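Everything numeric here is computed off the predicted structure, so don't read it as measured data. Per chain, numbering begins at 1; letters A, B, ... match sequence-line order.
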Amino acid sequence: MSVRVRFSPSPTGDLHVGNVRTALFNWLFARHEGGTFILRIEDTDQSRVVPGALESIAETLRWLGLEWDEGPDPKDPARYIGEHGPYVQSHRLDIYQKAARQLLDAGQAYLCFCSSQRLDEVRKDQQRRKLPPKYDRRCRDLPSDDRAQFEAQGITPVFRFRTPLAGQTTYRDVIRGDLIFENDTLDDFVILKSDGFPVYHLASVVDDHLMAISHVFRGDEWISSTPRHILLYDAFSWEPPTFAHLPTILGTDGARLGKRHGATSVLQFRDQGFLPETLFNFLGLLGWSLDDRTEVIDRDTFVRHFSLERILKSPAIFNVEKLTWMNGVYLRALPVEELAERLRPVLEAAVGPLDREYLERIVPLIHERIKLLPEAVALSGFFFQEGELDYTLEDMLGKRFADDDAQAADALEAVLAGIDGLEPWAHDGLEGAIRPLAQELGYKTGELFGLIRVAVTGKTAAPPLFETMAVLGQQRTVERLKSARRRLR
RNA sequence: GCCCCCGUCGUCUAGAGGCCCAGGACGCCACCCUUUCAAGGUGGAGACCGCGGGUUCGAAUCCCGCCGGGGGCACCA
């Protein structure tokens, strides 16, 4: 039997890391098994649909390289890819209505005319009496006279599933083993709403069957709903798929990921300067591991080794610090030209159009110093700055020259003299001219270099001095040294 | 209230009865390298394996109870 899995988000907003981890595991399993990865949009609650959410979902998946084999065509919402479509549930209403009708005719479902007010009252009363809130089955065996009366009043009924009153419903979860539920803890849930839309349970069961889904990987918040789904498969005489309920991803405080946790949307992480390969790797390791030591894993290795057996049961807290470390790892692994191109948009937004050659000389200097793309701006800004640098005398003078402006000025003077007319203007020549000066003037190299560093970059922490001066160019370097000298007068 | 799931360093995890007085990674702290910052290297602190009982010659690993955390119980998904 061929492996067919689906990722089926609701278009209610951006995908957060939990959703995406679910998508990733589905995708990995499909690729590992040579199966099919399907994207399905579950928009049966029209009131919650957010415009643009579908586009955002597609963008997130594409950014991470989780391409789907069947699903909506991102280029044209009216079309779709695959033979089991459409893949947007609101385009499949007739299918669900037919299915609901089928259950009704078979006596597996019934019409319910109860108003939402009555339902609310029943629920409130049950809660007040510390009873589990459950539909009281008022319409389960409604005499046909009553039904005719309700219909005459023009009440649109909902379809409810006729849940067995006794017995057990069980299923085997690949990750958690056998799960057993008493049917009397379940109630007669709605399958078709009065607006003609199905409820999740019906829609997903019908679609998973029609789309020949073999494995359902989804968040573990669905564990308690699964018996309902099993009951539905039974009612239709369909073979249920294999279920695997993935552990939750929690926020730093151990609570469910939500608005209070800073960035949780994957697109936000992208905008903060994380690379897609970082998110892919990191999310792939939340609830799954390759072995006892490997942390950095490329996508081919993930695909090759992904296995159900190594999926964890326990929830994981999303640790941004480790994510940031990992981004540094991926950044450092990037070839210079590629990093330059990824950095270009970020830098150009800050300093304007960039010369390719200049950029590619700067990138190696900040390469192993950035963990996030936008950090490049702060780290390399002085390379692009025109005119005077902004720094304090205190920073420039450091401990050694703190009370001795005149000595600092003399030192700078000596440096200027040393590099005057230097040819070629490159690392080795600069070092050859400046390093001996420290000893001649009686300073430690670090003391002299520190002075120059701030004069030239405006910062106490910067890339290696001579490389920096070489890339910065003779004219700018000399200008800045002179400017620093002037400030000391 | 009822039902279900989960429980190894702060965090991500390895561990499927003896290899574990528990290994790796992030973070943290030292030291080394070094012109600063990074990167890299070495070392360290950090987990009485949620707690209490069993079973066993032997348990993080098996069983029971408890506690803690999370989820579900909608004409939401």
*Asks:* With a distance cut-off below 6.0 Å to the six-membered ring centre and an angular limit of 45° from the axis, does A:Arg160 pair with A:Tyr135 as a cation-pi contact?
*Replies:* yes
*Asks:* Expressed in whole Å, how much space separates the P atoms belonging to B:A14 and B:C9?
*Replies:* 13 Å
*Asks:* What integer number of Å spans the P atoms of B:G15 and B:U8?
*Replies:* 14 Å
*Asks:* Name the one of A:Arg137, A:Lys134, A:Arg228 that satisfies salt bridge (Lys or Arg N to Asp or Glu O under 4.0 Å) with A:Asp188?
*Replies:* A:Arg137
*Asks:* Quick check on B:C76: is either OP1 or OP2 less than 4.0 Å from any side-chain nitrogen or oxygen of A:Ser47?
*Replies:* no
*Asks:* Looking only at atom C1', what distance separates B:C29 and B:C62, rounded to whole Å?
*Replies:* 40 Å
*Asks:* Once you apply a heavy-atom cut-off of 4.0 Å, does A:Arg228 come out as touching a base, just sugar-phosphate, or nothing?
*Replies:* sugar-phosphate
*Asks:* Which part of the nucleic acid, if any, lies within reach of A:Arg128 when heavy atoms closer than 4.0 Å are counted: base, sugar-phosphate only, or nothing?
*Replies:* nothing
*Asks:* So what does A:Ile452 hit on the nucleic acid, given a heavy-atom distance under 4.0 Å: a base, only sugar-phosphate, or nothing?
*Replies:* nothing
*Asks:* Would you mind reading off the distance between A:Glu394 atom CD and B:U36 atom P, rounded to a whole angstrom?
*Replies:* 20 Å
*Asks:* In this structure, how many angstroms lie between the C1' atom of B:U36 and the CG atom of A:Leu448, rounded?
*Replies:* 13 Å
*Asks:* Sort out the partner of B:A45 for me: Watson-Crick or G-U wobble, both distances under 3.5 Å, none otherwise.
*Replies:* none
*Asks:* Just to be sure I understand the geometry, which residues of residues 325-337 of chain A put a non-hydrogen atom under 4.0 Å away from RNA chain B?
*Replies:* A:Trp325, A:Arg332
*Asks:* With hydrogens left out and only the distance checked, is there a donor-acceptor pair under 3.5 Å joining A:Ser224's side chain and the base of B:G71?
*Replies:* yes
*Asks:* Could you pull out the closest heavy-atom pair between A:Leu285 and A:Glu295, with the gap in Å?
*Replies:* CD2-O, 3.1 Å
*Asks:* Does B:C33 have a Watson-Crick or wobble mate here (both distances under 3.5 Å), and if so which one?
*Replies:* none
*Asks:* Closest approach to the side chain of A:Glu321, judged atom by atom: which nucleotide of B:G27, B:U36, B:G23 is it?
*Replies:* B:G27
*Asks:* How many Å lie between CG on A:Leu179 and C1' on B:G71, as a whole number?
*Replies:* 13 Å
*Asks:* Rounded to whole Å, please give me the gap between CZ in A:Arg369 and C1' in B:U34.
*Replies:* 11 Å
*Asks:* How would you label the contact of A:Pro9 with the nucleic acid (heavy atoms, under 4.0 Å): base, sugar-phosphate, or nothing?
*Replies:* nothing
*Asks:* Scan A:Thr460 against the nucleic acid and name what it touches under 4.0 Å (heavy atoms): base, sugar-phosphate only, or nothing.
*Replies:* base
*Asks:* Rounded to the Å, how far apart are A:Glu295 CD and B:C12 C1'?
*Replies:* 7 Å
*Asks:* Under 4.0 Å, heavy atoms only, any strand: does A:Phe282 hit a base, just the sugar-phosphate, or nothing?
*Replies:* nothing
*Asks:* Could you work out the separation of B:C73 and B:C63 based on their P atoms and round it to a whole Å?
*Replies:* 30 Å
*Asks:* Kindly say if A:Lys134 contacts the phosphate of B:C3, meaning a side-chain N or O under 4.0 Å from OP1 or OP2.
*Replies:* no
*Asks:* In whole Å, what separates the C1' atom of B:G50 from that of B:G10?
*Replies:* 16 Å
*Asks:* Answer yes or no: is there a side-chain heavy-atom contact under 4.5 Å between A:Val20 and A:Leu279?
*Replies:* no
*Asks:* Report yes if at least one side-chain N or O of A:Arg435 is closer than 4.0 Å to OP1 or OP2 of B:U35; otherwise report no.
*Replies:* yes
*Asks:* Is it true that A:Lys98 and A:Asp94 have a side-chain N and a carboxylate O under 4.0 angstrom from each other?
*Replies:* no
*Asks:* Can you measure A:Arg218 atom CZ to B:C76 atom P for me and round it to whole angstrom units?
*Replies:* 17 Å
*Asks:* Could you check whether A:Asp207 and A:Tyr87, counting side-chain N and O atoms only, form a donor-acceptor pair closer than 3.5 Å?
*Replies:* no
*Asks:* With respect to the side chain of A:Pro315, which nucleotide from B:C26, B:C6, B:G71 is positioned closest?
*Replies:* B:C6
*Asks:* Applying a 3.5 Å limit to both distances, which nucleotide forms a Watson-Crick or G-U wobble pair with B:C2?
*Replies:* B:G72
*Asks:* If you measure only the distance, is there a donor-acceptor pair under 3.5 Å linking the side chains of A:Thr324 and A:Asn327?
*Replies:* no
*Asks:* From B:C3, B:A14, B:C5, pick the nucleotide closest to the side chain of A:Phe181?
*Replies:* B:C3
*Asks:* Where the side chain of A:Thr185 is concerned, which of B:C2, B:C75, B:U13 is the nearest nucleotide?
*Replies:* B:C2
*Asks:* Quick one: do the A:Thr460 and A:Asp395 side chains pair a donor with an acceptor below 3.5 Å?
*Replies:* no
*Asks:* Does OP1 or OP2 of B:C75 have a side-chain N or O of A:Ser116 closer than 4.0 Å?
*Replies:* no
*Asks:* If pairing requires Watson-Crick or G-U wobble contacts with both distances under 3.5 Å, which nucleotide is the partner of B:A14?
*Replies:* none
*Asks:* For the pair A:Asp220 and A:Lys313, find out whether any cationic side-chain nitrogen is under 4.0 Å from an anionic carboxylate oxygen.
*Replies:* no
*Asks:* Classify A:Pro133 by what it touches in the nucleic acid, base, sugar-phosphate, or nothing, heavy-atom distance under 4.0 Å.
*Replies:* base
*Asks:* Base, sugar-phosphate, or nothing for A:Ala462, non-hydrogen atoms under 4.0 angstrom?
*Replies:* base
*Asks:* Taking atom C1' in both B:A22 and B:C48, what distance in whole Å separates the two?
*Replies:* 12 Å
*Asks:* Using a cut-off of 4.0 Å on non-hydrogen atoms, how would the nucleic acid contact of A:Arg160 be classed: base, sugar-phosphate, or nothing?
*Replies:* sugar-phosphate
*Asks:* Within the 4.0 Å heavy-atom criterion, would you say A:Thr44 contacts the bases, only the backbone, or no part of the nucleic acid?
*Replies:* sugar-phosphate
*Asks:* By the 4.0 Å heavy-atom rule, please label A:Val158 as base, sugar-phosphate, or nothing.
*Replies:* base
*Asks:* Of all heavy-atom pairs between A:Trp288 and A:His305, which one has the smallest distance, and what is that distance?
*Replies:* CZ2-O, 3.4 Å
*Asks:* If the cut-off is 4.0 Å, is A:Arg310 near the phosphate of B:G15, judged by side-chain N/O to OP1 or OP2?
*Replies:* yes
*Asks:* What is the distance from CG of A:Leu379 to P of B:U36, rounded to the nearest Å?
*Replies:* 16 Å
*Asks:* Can we call the ring centroids of A:Trp68 and A:Phe7 under 6.0 Å apart?
*Replies:* no
*Asks:* From C-beta outward on A:Lys322, which listed nucleotide comes closest to its side chain: B:A14, B:C12, B:C76?
*Replies:* B:C12
*Asks:* Under 4.0 Å between any heavy atoms, over every strand shown, what does A:Pro464 touch: base, sugar-phosphate, or nothing? Just pick one.
*Replies:* base
*Asks:* How far, in whole Å, is B:U61 from B:G54 if one measures between their C1' atoms?
*Replies:* 15 Å
*Asks:* Partner lookup for B:C66, please. Criteria are Watson-Crick or G-U wobble with both distances under 3.5 angstrom; report none if nothing qualifies.
*Replies:* B:G50
*Asks:* So what does A:Ser289 touch, heavy atoms closer than 4.0 Å: a base, only the sugar-phosphate, or nothing?
*Replies:* sugar-phosphate
*Asks:* Side chain of A:Lys371 only, heavy atoms from C-beta on: which candidate in B:C12, B:A39, B:U35 is closest?
*Replies:* B:A39
*Asks:* Using the six-membered ring wherever Trp is involved, compare the ring planes of A:Trp222 and A:His229 and label them parallel, tilted or perpendicular (cut-offs 30° and 60°).
*Replies:* tilted
*Asks:* Which nucleotide in the list B:G10, B:A77, B:C5 gets nearest to the side chain of A:Ile223?
*Replies:* B:C5
*Asks:* Would you mind classifying the nucleic acid contact of A:Gly287 as base, sugar-phosphate or nothing, using non-hydrogen atoms under 4.0 angstrom?
*Replies:* sugar-phosphate
*Asks:* I'd like the C1' distance from B:C33 over to B:U42, given in whole Å.
*Replies:* 11 Å
*Asks:* For a quick test of reading the model: is some side-chain N or O of A:Lys193 closer than 4.0 Å to OP1 or OP2 of B:A74?
*Replies:* no
*Asks:* To the nearest Å, give me how far apart CD1 (A:Ile230) and C1' (B:C4) are.
*Replies:* 15 Å
*Asks:* Taking 4.0 Å as the cut-off, does a side-chain nitrogen or oxygen of A:Arg48 come that near to OP1 or OP2 on B:A77?
*Replies:* no
